[in-house]
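Here is the structure we will look at.
None of these values were measured; they are calculated from a predicted model. Every chain is numbered from 1 and lettered A, B, ... according to where its sequence line falls, protein lines coming before strand lines.
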Amino acid sequence: MLDLRWVLSHMEEAQAFLSNRHFDFDLSVLTGLDEERRRLIVQTEELKARRNEGSRKVGEAKKVGVDASELMEEIRKIGDASREVDARLSEVEEELGKILMSLPNRLHETTPVGVSEEDNQVVRTWGTPKSFSFEPQAHWDLGERLGIMDFEKGVMLAQSRFTVLKGLGSRMERALISFMLDLHTSRHGYMEMQPPFMVRSAILEGTGQLPKFADDLYRIEGEDLWMIPTAEVPLTNLHRETILEENDLPKYYTAYTPCFRREAGSAGRDVRGMLRQHQFDKVELVKLCTPETSYDELEKLTADAEEVLQTLELPYRVVALCSGDIGFGSAKTYDLEVWLPSQGKYREISSCSNCEDFQARRMNTRYRPVSGGRPRFVHTLNGSGVAIGRTLIAIVENYQQEDGSVTVPEALIPYMGGLREIRGA
RNA sequence: GGAGAAGUGGCCGAGUGGUCGAAGGCGGUUGACUCGAAAUCAACUGAGCGGCUUGCUGCUCCGUGAGUUCGAAUCUCACCUUCUCCGCCA
């Protein structure tokens, strides 16, 4: 959520980033609503002050046994009047709140301005795509032939965009989860958590998925519960409605969770294989920190995710998302894109964002500065560290051999019980 | 799912209609004492939103939401959460 006072005092700047996001909204309506809001506050508070004063006098009168019925009648009218103003005030505040909750975050000055994916900026590239002496196969061919992925069974049990991992495929999925959690907890200082995989509406409002993106989520019928689309949601909300001490910051959390997404807008895209699933595993990284440190923390968080790919020796590149492609709540986002030989392309495997105080405002997560003074909103960051299913795909494709077998990455061998190679039955 | 009890400030805890944002204690901050620490003493110690002469001042918040009343932490209703017992289960 944007700070209303900031928007009102930076109208041009705010309108400019909205248009860079291609978000069509005229902010000037906020000025009128805010003026009305303040007018109504003055009105109702004046009435309430009079009512409180009157009630005090009634109390005094009754104590002495004096009749106060005339005064009481007068106060009743004042009370009714203030209730009327209150009703109008909450309408105005609700309207303001609705608008603010629907506006995207402002952009950091280093976020490139652009229209689409095409305009994202490549920041750096790591590793070199391997050149194969044969035609590299797609993971869906390799996976089925090796007996580690069963796409038909996924559809049979659920729907399209669901997959059954079998045998060593399932084993490698589990190995990757452990490998990544171990890396982030032991080397990068994150605390491992296991949050609920379902959360209530207010939690999703806190991180920005609701109210606007309900169509992307699975909802539990008859309950105020939704399947989490990412562990970012429960982890970031861990300290909602609280005031932390500055000395307790930064907070680093990591969690493995499955993620559930309806993929409503992506019909027809990546339908083969398991690149885009309704349910996928992910190890997530979340940070809460002070505003002064959040951009350093973003660089470090991105590096933490990169280390996963480096250790697995998977070629990737880092891109800065442009204003037209960046997410609703993010001020700056780096995507990590891993090389997929069968596609001859880099594909997203992680997304690392600084949401600044956008989510903190919605969650009301603040901290008290050591220097004293009023509580301030924390900055929140999140990043995939990294997507498990897509890592499995990347390994299968990048480590494939001419005979269709797959070599196990060095770093993963201990997690695979010493296994060095996956070959078909 | 059924029965009962309870939800007050960072924590404990008093408060059953009238200066109660809330006694008291713990914790914390500052000052005094001390070479320093402890102990002791004193003062301060929640958040949000407004107004104007920017230092004052007003309003709101005692699980959440409605209601009764001139006035609600205190009364009524609904919901949520926690605890105990029963049932069920990993």
Side-chain angles (χ1 to χ4, degrees), chain A residues 1-9 30-101 194-206 210 220-226 234 237-249 251 258 288 357 359-378:
Chain A
M1 187 162 61
L2 296 170
D3 178 7
L4 178 59
R5 271 179 287 204
W6 179 83
V7 175
L8 292 173
S9 55
L30 291 175
T31 313
L33 281 170
D34 181 62
E35 275 165 13
E36 180 165 15
R37 172 180 145 267
R38 292 213 312 272
R39 212 194 70 228
L40 292 170
I41 286 173
V42 171
Q43 257 182 49
T44 186
E45 287 190 351
E46 192 181 307
L47 290 166
K48 282 176 185 162
R50 279 168 58 197
R51 183 203 59 190
N52 291 348
E53 177 60 26
S55 295
R56 216 167 288 143
K57 282 185 186 151
V58 171
E60 283 162 18
K62 291 215 163 176
K63 209 175 276 176
V64 207
V66 175
D67 175 67
S69 50
E70 202 173 307
L71 183 54
M72 278 159 64
E73 184 53 34
E74 192 187 318
I75 301 169
R76 194 202 314 272
K77 281 180 193 148
I78 296 172
D80 289 345
S82 92
R83 265 184 285 274
E84 253 175 65
V85 179
D86 277 343
R88 273 192 292 154
L89 177 60
S90 38
E91 276 173 40
V92 171
E93 284 182 332
E94 194 179 323
E95 179 67 18
L96 265 173
K98 231 185 246 173
I99 292 170
L100 285 172
M101 285 294 274
Q194 230 186 75
F197 301 164
M198 292 181 239
V199 295
R200 59 199 169 85
S201 305
I203 301 303
L204 287 151
E205 281 165 12
L210 290 180
I220 307 300
E221 193 178 347
E223 310 241 10
D224 181 29
L225 284 175
W226 309 68
N237 274 281
L238 241 22
H239 299 284
R240 76 190 338 262
E241 307 288 346
T242 58
I243 301 173
L244 299 159
E245 295 300 325
E246 181 170 355
N247 287 331
D248 293 336
L249 297 176
K251 295 268 191 198
L288 310 186
D357 65 3
Q359 296 178 321
R361 277 178 198 286
R362 292 170 161 244
M363 301 183 302
N364 197 21
T365 303
R366 292 170 292 171
Y367 73 97
R368 198 180 300 283
V370 251
S371 56
R374 333 191 79 201
R376 304 170 71 200
F377 288 107
V378 300

Quick check on B/U64: is either OP1 or OP2 less than 4.0 Å from any side-chain nitrogen or oxygen of A/R200?
no
Could you please name the option among B/A47, B/G58, B/C70 that lies closest to any side-chain atom of A/E45?
B/G58
Please check the phosphate of B/G71 (OP1 and OP2 only) for any side-chain N or O of A/R76 closer than 4.0 Å.
no
Does the side chain of A/N52 get closer than 4.0 angstrom to OP1 or OP2 of B/C70 through an N or O atom?
no
Which nucleotide in B/C49, B/G71, B/C59 has an atom nearest any side-chain atom of A/K48
B/C59
Tell me whether the OP1 or OP2 atom of B/G51 has a side-chain N or O from A/R38 closer than 4.0 Å.
yes
Reckon A/R51 has a side-chain N or O less than 4.0 Å from the OP1 or OP2 of B/C59?
no
Please tell me which of the listed nucleotides, B/C59, B/G51, B/G48, lies nearest to the side chain of A/V42?
B/G51
Rounding to the closest angstrom, what is the interatomic distance between B/C62 and B/G10 at atom C1'?
16 Å
Side chain of A/R5: nearest nucleotide among B/G50, B/C70, B/A47?
B/G50
In whole angstrom, give me the gap between the C1' atoms of B/C80 and B/G25.
31 Å
Of the nucleotides B/C70, B/G50, B/A47, which has the atom closest to the A/I75 side chain?
B/C70
For B/C41 versus B/G50, give the span between their P atoms, rounded off to a whole number of Å.
43 Å
Output the single nucleotide from B/C70, B/G71, B/C49 whose closest atom is nearest the side chain of A/R83.
B/G71
Measuring from the side chain of A/I41 (C-beta onward, heavy atoms only), which nucleotide among B/C49, B/C59, B/A47 has the closest atom?
B/C49
Quick check for you: among B/G48, B/C70, B/G46, whose closest atom lies nearest to any side-chain atom of A/R374?
B/G48
Reckon A/R39 has a side-chain N or O less than 4.0 Å from the OP1 or OP2 of B/G50?
no
May I have the step-by-step check of side-chain contact (heavy atoms from CB on, under 4.5 Å) for A/R368 and A/L244, ending in yes or no?
CA-CA 6 Å; A/R368 198 180 300 283; A/L244 299 159; over 6 Å; no
What side-chain donor-acceptor pairs closer than 3.5 Å can you find for residues 42-51 of chain A, not counting sequence neighbours?
from, atom 1, to, atom 2, distance (Å)
A/T44, OG1, A/D86, OD1, 2.9
A/K48, NZ, A/D86, OD1, 3.4
A/K48, NZ, A/D86, OD2, 3.2

Can you list the stems that include RNA chain B, where a stem is three or more consecutive Watson-Crick or G-U pairs with distances under 3.5 Å?
B:1-7 with B:80-86, B:10-12 with B:24-26, B:27-32 with B:40-45, B:46-52 with B:55-61, B:63-67 with B:75-79
Does A/G79 or A/A49 map to a spot on RNA chain B nearer the 5' end, using the closest nucleotide for each?
A/A49
Could you tell me whether A/K62 contacts a base, only the sugar-phosphate backbone, or nothing, with contacts defined as non-hydrogen atoms closer than 4.0 Å?
base
I would like to know whether A/K62 and A/M72 meet side-chain contact (heavy atoms from CB on, under 4.5 Å); could you show each step before the answer?
CA-CA 11 Å; A/K62 291 215 163 176; A/M72 278 159 64; 4.2 Å; yes
Please determine, for the side chain of A/V58, which listed nucleotide (B/C59, B/C70, B/A47) has the closest atom?
B/C70
Please report the distance separating the P of B/U68 from the corresponding atom of B/C77, rounded so that it comes out in whole Å.
15 Å
